[in-house]
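Letters A, B, ... mirror the listed sequences (proteins, then strands); counts begin at 1.
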There are 2 protein chains.
Amino acid sequence: MKLTSAEWHVMNALWQDWPATAREIEARLPEEVAWAYTTTRSVLARLEEKGAIKEYKRSNVSFYEPILTRRKARMAALQSVVGEAFEGAFGPLVHFLVEEEALSEGERQKLTDALEGREEEGADNDSDVE
Amino acid sequence: MKLTSAEWHVMNALWQDWPATAREIEARLPEEVAWAYTTTRSVLARLEEKGAIKEYKRSNVSFYEPILTRRKARMAALQSVVGEAFEGAFGPLVHFLVEEEALSEGERQKLTDALEGREEEGADNDSDVE
DNA sequence: GACATGCTGCTAGGTGTGTAGTAGACTTAC
DNA sequence: GTAAGTCTACTACACACCTAGCAGCATGTC
């Protein structure tokens with residue numbers, strides 16, 4: 001499932017912690033996203049239609065929960081960009097990353113470590129749905 | 001400069017070889033892109049408006065050349081996805097790639113090699129504008 | 001129970017994107 | 001020079017997306 005830019009903002013906010021009300025989500029949006037409250041609601045409604053989130057009510061207030069996991073959304077986003085821009089394979093993407101020196105020294109190091117399988121466990125564990 | 005999906009198709013075709021006519025570009029589009037000729041032209045027109053390509057005529061026929069380089073387009077695409085989906089940093093993206101084992105064994109090997117700076121030269125050299 | 005506040009449902013308008021058609025100009029073959 | 005084919009310029013339309021407003025219902029407080 002591919003997300004639009006506005007949808008990413010909302011999903012990122014929701015993945016932080018859920019269930020969450022629209023107001024809570026709104027409060028977690030990055031500063032540069034200065035939407036009207038109703039805009040947040042509209043995006044939430046679309047996400048629910050798409051099946052990315054679930055909505056339920058407790059006494060007239062809507063609570064939201066993610067259905068789509070962050071992992072799956074990331075995978076879809078990457079697959080899309082790889083398909084369009086990197087001949088459909090992850091290899092060229094990785095090649096590009098290294099070539100372009102888009103990575104800081106620390107990032108390179110972490111990557112090397114990860115590739116060699118001596119990853120430190122526990123730290124920075126992406127909490128995710130499921 | 002961010003490209004849309006249709007624009008990527010056309011740019012990929014144009015980067016292959018240029019200058020190229022609309023007919024040549026059309027012929028290079030992937031099979032699953034079964035556009036009417038006029039659709040290709042419309043996308044080309046939009047790309048020209050955006051400044052991604054340049055158009056010139058020789059006796060009533062338009063030839064096209066890229067202005068936007070593949071590298072820059074790729075960078076923009078990555079930056080966009082990283083901004084939306086990976087907290088704005090390449091680190092988490094790389095981490096994700098490795099964790100997800102999105103890479104084949106060969107790709108991992110190439111990546112390791114590249115990180116250690118013993119890249120084989122010459123092979124698979126992305127020809128690019130400029 | 002009337003009022004303020006806050007939430008929901010519904011609606012809407014502008015812009016981007018994908019896709020394509022039509023009309024007219026030009027080119028080439030006879 | 002006329003017919004057939006090809007090209008361009010211009011226009012169009014549907015759908016997705018971003019953004020938001022409005023009206024009405026629920027809830028709590030005095």
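A salt bridge links B:Glu7 to B:Lys50: at least one charged side-chain nitrogen sits closer than 4.0 Å to a carboxylate oxygen. A salt bridge links B:Arg74 with A:Glu87: the distance from a Lys NZ or Arg NE/NH1/NH2 to an Asp or Glu carboxylate oxygen falls below 4.0 Å.
Distance A:Leu29 CG to D:dC18 C1': 14 Å, rounded to the nearest Å. Residue A:Trp35 contributes atom CH2, which lies 7 Å from atom P of D:dC18 at whole-angstrom precision. Between the P atom of D:dT27 and the CZ atom of A:Arg58 lies a distance of 14 Å, rounded to the nearest Å. Atoms CG (A:Leu44) and P (D:dA20) sit 15 Å apart, rounded to a whole Å. Atoms NZ (A:Lys2) and P (D:dA16) sit 14 Å apart, rounded to a whole Å. When the C1' atom of D:dA16 is taken as reference, atom CH2 of A:Trp8 falls 19 Å away, rounded to whole Å. Spacing between atom OH of A:Tyr37 and atom P of D:dC22 amounts to 17 Å, rounded to whole angstrom units. If you measure from atom CZ of B:Arg41 to atom P of D:dT8, you get 4 Å, rounded to the nearest angstrom.
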Determine, step by step, whether A:Leu93 and B:Leu97 satisfy the side-chain contact (heavy atoms from CB on, under 4.5 Å) criterion, reporting the C-alpha distance in whole Å, the side-chain angles of both residues, the deciding distance to 0.1 Å, and the verdict. CA-CA 10 Å; A:Leu93 163 60; B:Leu97 282 173; 4.2 Å; yes

I'd like to know whether B:Arg58 forms a side-chain contact (heavy atoms from CB on, under 4.5 Å) with B:Phe63, so could you lay out the CA-CA distance, the side-chain angles of the two residues, the decisive distance to 0.1 Å, and finally the verdict. CA-CA 8 Å; B:Arg58 217 145 49 196; B:Phe63 288 79; 3.9 Å; yes

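Residue B:Arg46 is classed as a base contact, given a heavy-atom separation below 4.0 Å to a base. Counting non-hydrogen atoms under 4.0 angstrom, A:Thr4 reaches the backbone sugars and phosphates but no base. When heavy atoms are screened at a 4.0 angstrom cut-off, A:Thr21 is found touching no nucleic acid atom at all.
Of all nucleotides in DNA chain C having an atom under 4.0 Å from a heavy atom of chain B, the first and last in 5' to 3' order are C:dT17 to C:dC26.
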Determine all donor-acceptor pairs shorter than 3.5 Å in which one atom belongs to a side chain in residues 76-86 of chain B; sequence neighbours excluded.
none

Which donor-acceptor pairs under 3.5 Å do the side chains of residues 24-40 of chain A make with protein atoms, sequence neighbours left out?
| residue | atom | partner | partner atom | Å |
| --- | --- | --- | --- | --- |
| A:Glu24 | OE1 | A:Thr21 | N | 2.9 |
| A:Glu26 | OE1 | A:Arg23 | NH1 | 3.1 |
| A:Arg28 | NH1 | A:Ala13 | O | 2.7 |
| A:Arg28 | NH1 | A:Asp17 | O | 2.9 |
| A:Arg28 | NH2 | A:Asp17 | O | 3.4 |

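You'll find that the side chain of A:Thr38 is closest to D:dA20, out of D:dA20, D:dC18, D:dA9.
Annotation: side chain of B:Pro66 is in contact with side chain of B:Trp18 (closest heavy-atom distance under 4.5 Å).
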